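Have a look at the structure below, then the notes.
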There are 2 protein chains.
Amino acid sequence: MQHPKKKYYSIDQEKLAGYARAVSHPVRVFILDFLADNLDKCCYSGDMAEELPIARSTLSEHLRVLKSAGLIQGEINPPFIKYCINRENWEEAKHLFAQFFKR
Amino acid sequence: MQHPKKKYYSIDQEKLAGYARAVSHPVRVFILDFLADNLDKCCYSGDMAEELPIARSTLSEHLRVLKSAGLIQGEINPPFIKYCINRENWEEAKHLFAQFFKR
DNA sequence: TATTTGTTTCGTATTTTTACGAAATAAAGA
DNA sequence: TCTTTATTTCGTAAAAATACGAAACAAATA
């Protein structure tokens, strides 16, 4: 980089982009909707696999992406894994998006 | 696909994913923040290039992505192109995200 | 008409994402 | 201990995203 420019994007801009990236695939939106609609009972991977025309391993990969973005968490209870929305980060994302669009 | 599953994602889930995809890169968040903060005057590509350590062509590509997602629009006034937030779609995205996170 | 100007498009390379089936895993039950 | 079960990880392939510099563009101006 020959001429470093004055400034670049902020931490919040990077955070927002990260959450947006997690939500940027329809299957992952579906998963998040599914989990958010079933907050009381949480869900197993298999519950969602029933509803989606994709391989189990592909679903697992989408769950991994959501988990690494922090939007969901999985409580291991073999051979099941009970997935839930990660409340703390969900609220952070909600706030970031609300701030972003509030203009 | 041997066993077509019962249902798949909805139109709104696809729309949300599409808007999220557009916002899923920090440079694009930066651009949208920049435009939203300057609603009165709108902006030229060059105004933003000053602030970002990326090639002009790369910025142009990000603008193209945002335009094709519908979040911005460009009024051609050669050799300038004045960019603005696309108000209608911005409101739609705002609403979709608000609905999504409201739980 | 040739030049300048701000921007986009093109060609290309690299990286990341998405997807699948096969194999691995880890606990429960036969 | 051998299966069964629900799920993840691995290996791989194909598609999409990201980035850059060079070339193209289109209007204004010299």
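The sequence lines fix the lettering, A, B, ..., with proteins before strands; numbering per chain opens at 1. Please read all numbers here as calculations on a predicted model, not as lab measurements.
The side chain of B/Ala55 has D/dG21 as its nearest neighbour among C/dC20, D/dA19, D/dG21. Among the nucleotides D/dT7, D/dT9, C/dT17, the one closest to any side-chain atom of A/Arg56 is D/dT7. Comparing D/dC20, C/dC20, D/dA19 by their closest approach to the side chain of B/His25 singles out D/dA19.
Remark: side-chain polar atoms of B/Arg28 are not paired, donor with acceptor, to backbone N or O of B/His62 under 3.5 angstrom. Remark: the backbone N or O of B/Arg21 is paired with a side-chain donor or acceptor of B/Ser24 at under 3.5 angstrom.
Whole-Å rounding puts the B/Glu61 CD to C/dT7 P distance at 17 Å. Rounded to a whole Å, the CG atom of B/Asp47 is 11 Å from the P atom of C/dG6. Note: CZ (A/Arg64) to C1' (C/dT25) measures 18 Å, nearest angstrom. A straight line from CD1 of B/Ile72 to C1' of C/dT7 spans 13 Å, rounded to a whole angstrom. Per the geometry, NE2 belonging to B/His62 stands 13 Å off P belonging to C/dT8, to the nearest Å. Rounded to whole Å, the distance from CD1 on A/Ile54 to P on C/dT18 is 11 Å. Rounded to whole angstrom, the span from the CD1 atom of B/Ile31 across to the C1' atom of D/dT18 amounts to 13 Å. The CG atom of B/Leu66 sits 10 Å away from the P atom of D/dT18 (whole-angstrom rounding).
At the phosphate of D/dA19, neither OP1 nor OP2 sits under 4.0 Å from any side-chain N or O atom of B/Thr58. Under 4.0 angstrom from either OP1 or OP2 of D/dT18 there lies at least one side-chain N or O belonging to B/Arg28. In this structure, B/Arg21 reaches the C/dT18 phosphate: one of its side-chain N or O atoms is under 4.0 Å from OP1 or OP2.
Of the two residues near DNA chain D, A/Ser57 and B/Ser24, the one whose nearest nucleotide lies more 5' is A/Ser57.
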Residues 65-74 of chain B side chain polar contacts: donor-acceptor under 3.5 Å, at least two apart:
from    : atom 1 : to      : atom 2 : distance (Å)
B/Ser68 : OG     : B/Val65 : O      : 3.4

- For the pair B/Arg103 and A/Asp33, evaluate side-chain contact (heavy atoms from CB on, under 4.5 Å) and give the outcome as yes or no after the intermediate values. CA-CA 10 Å; B/Arg103 340 218 187 192; A/Asp33 272 333; 2.2 Å; yes
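Aromatic rings from B/Phe101 and A/Phe97 are positioned such that their centres are separated by under 6.0 Å.
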